Amino acid sequence: MNILVELRLRFHQTLQGLVDDPTDLLDLVVPAQDPRFGDYQANVAMPLAKRLGRPPREVADQIVRNLQVADLCGPPEVAGPGFINLRLRDDWLAEQLQQVSTDQRLGIPAVDDPKTFVLDYSSPNVAKPMHVGHIRSTVIGDSLCRILRFLGHRVISDNHLGDWGTQFGMILYGYKHFRDQQQFAQAPVQELSRLYKLVSQLVEYHQIRRSLPELQEQLAQRIEILDQQQALGPSADAAEQKRAAKRLRGLKNQVVEMRDKVAAAEKKLAAVEESTELNRLAEQHPNIGSAVLEETARLHAGDPENIRLWHAFLPVCREEIQKIYDRLDVRFDYEYGESFYQDRLAEVVDRFRQGGLARISDGAVCVFLDGFQAPMIIQKSDGAYLYATTDLATIDFRMQTFHPDAILYVVDHRQADHFQKLFAAARLVGYDRVDLQHISFGTVLGDDGKPYKTRAGDTVGLEGLLDEAVRRAHAVVAANDDAKPTSPELDDDQRRHIADVVGHAAIKYADLCQNRTSDYKFDYDKMVALEGNTATYMQYSYARTQSIFSKGQIDAEQLRAVDSPLCLQHPTERALGLQVLRLSEAIAEAVLDYRPNILTGYLFDTAKRFSEFYQQCQVLKAESDSLRTSRLRLCDLAGRAIRLGLELLGIQVVEKM
Ligand code: ARG
């Protein structure tokens, strides 16, 4: 049962006697901020009183008189200006816990109206190595998938691989000009990623060489403006002085920013120029940028050689990313990828044109959308189709194939404009009933507050990142085991296995526990810490619940069938019991706006409640047999709530740590 939903239902019944439609008031029935005042509180009386033109306390008293909650709550209390405080009855809680105990789903019901969701997540561009930015889409998408499925929805996951874009032009060019045949035969994955890096480095080198003088010029101008501003002595007018100071700060920031940009560009040039080999290649391939685009265009035009190579490269690229998915325990129902839609793009453009929904502007086919300054281009003047065209074809296909109620795109926030336009264009052609949503997320930052990079300024590969997390997890697991009061309990194999689970979990959890729309700082030490809101702490808490059973040689399965309510006399017992019952609320809230961090927050609270209980209550040495049994059952429930919550985040547990 979802207690909050149940209470809101009761309030709905009562409030119907007072207003026509009380629905919007029900959001004001919430978990209590301060447990001293109860478990839940309803703040409905104040806004209602305003509507009715009556004193709020009087309205609150009336609600309380009519409210039918005696089966689950003690008598409601009215406090302050008209808050209604509710405290669940201990016997009711104890009975609920008994029921939940025998339920695989811990009493969490499936939804009454299952929907069909298509989830588009991870979706990397496959010809380049996956990097830290791909973690977010992958783990957030995977977790939403698990949560929605658990709630009984039909979920179709589709990895919309970028398998048809410019990156292939890069490796086609690289393969034709720079390949090491022997390397390619022996280790094709490594060779292709070397080629990708090499070609993109050379392309960037030439771009920078062309743009650097202008950039330097701009910097010089900014510095001059700044100097002029600084040379103006202070104004006599205080307000003007303030404005001048503000201007100065703005200018200084601009200079710093430009300087960073110039420095970064110069560093990239130097990296090529300092290497004889790279320098030679750069000189031999001055037009590499346009040549790469031509390779892509030839691929799209069906050039047999490029198509043949594409077919040879694709499995290699996919194998590379599959390794990451295996490590992260992420699976997809479909991986159609952009290439799948290539012969459907002309149709899309035709439909927009025939419907009078697109116009030619500067030779390109453009869809002009209300509320957007720039149009959405669906075909360039040279005939090429774009990312947006493919996304429109993808919507067609998904609608016809899966008939979804919603399509969720888990993609970083920089693509917000693309998706807003895409959704508007889709509505234009009649997809106005499907719920199209961009589940946007922020950037992974380094210590310096800038996008996470290696010291050398490269993006950080995902594989190395996972390895490092596992390495650090191993150190934490070993230290914890070595410090055990009697003696270490884990052998080398066990330590390695645990480190593997804990390390991968740490990376996932560190991401999921962030509010997805914010940026966050990547921090290995924090993410594998045994304390705080980390996967390690949750896994440790779970392992603690399990160690109680192994220490006492108790079969948890048997306990679940015990035919009596739990005992919740100690405040920490009651708090933990209630917390277990609230998993349902956390899951429901997490899907409201697709935020896994609501669930991590719940888990953190649960682990804390468990720790408080375990510190204050004897379990194996409880005063009586019945108390011991009840407490063991509570430990079992707490462990299961943590395990289920983690499972919905795509995180595994270990029995021992
Ligand atoms: N491949 C794209 C990128 O790496 C993300 C694709 C997201 N999904 C979509 N249907 N557009 O930026």
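Numbering of ligands and ligand atoms starts at 1, following listing order. Values in this document were obtained by computation on a predicted structure and should not be read as measured data.
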- Task: Salt-bridge test for R414 and D412: reply yes if a basic N is under 4.0 Å from a carboxylate O, no otherwise.
- Result: yes

- Inspect the contact between K268 and E204 and indicate whether a charged nitrogen and a carboxylate oxygen are less than 4.0 angstrom apart. yes

- Straight-line distance of D511 CG to F441 CZ, nearest 0.5 Å: 8.0 Å

- salt bridge (charged side-chain N to carboxylate O under 4.0 Å, His left out) contacts touching residues 337-359 (sequence neighbours left out): R351-D396

Starting from the N and O atoms of ligand 1, find every protein N or O within less than 3.5 Å and list the pair with its distance.
residue  : atom   : partner : partner atom : Å
ligand 1 : 1 (N)  : S123    : O            : 2.9
ligand 1 : 1 (N)  : N125    : OD1          : 2.8
ligand 1 : 4 (O)  : N125    : ND2          : 3.4
ligand 1 : 8 (N)  : D120    : OD1          : 3.1
ligand 1 : 10 (N) : D120    : OD2          : 2.8
ligand 1 : 10 (N) : D391    : OD1          : 2.8
ligand 1 : 11 (N) : Y387    : OH           : 2.7
ligand 1 : 11 (N) : D391    : OD1          : 3.4
ligand 1 : 11 (N) : D391    : OD2          : 2.8
ligand 1 : 12 (O) : Q415    : NE2          : 2.9

- Validation row, ring centre F117 to ring centre H153 under 6.0 Å: yes

- Message: Would R398 pass as a cation-pi partner of F402, given that its NZ or CZ must be under 6.0 Å from the six-membered ring centre and within 45 degrees of the axis?
- Response: no

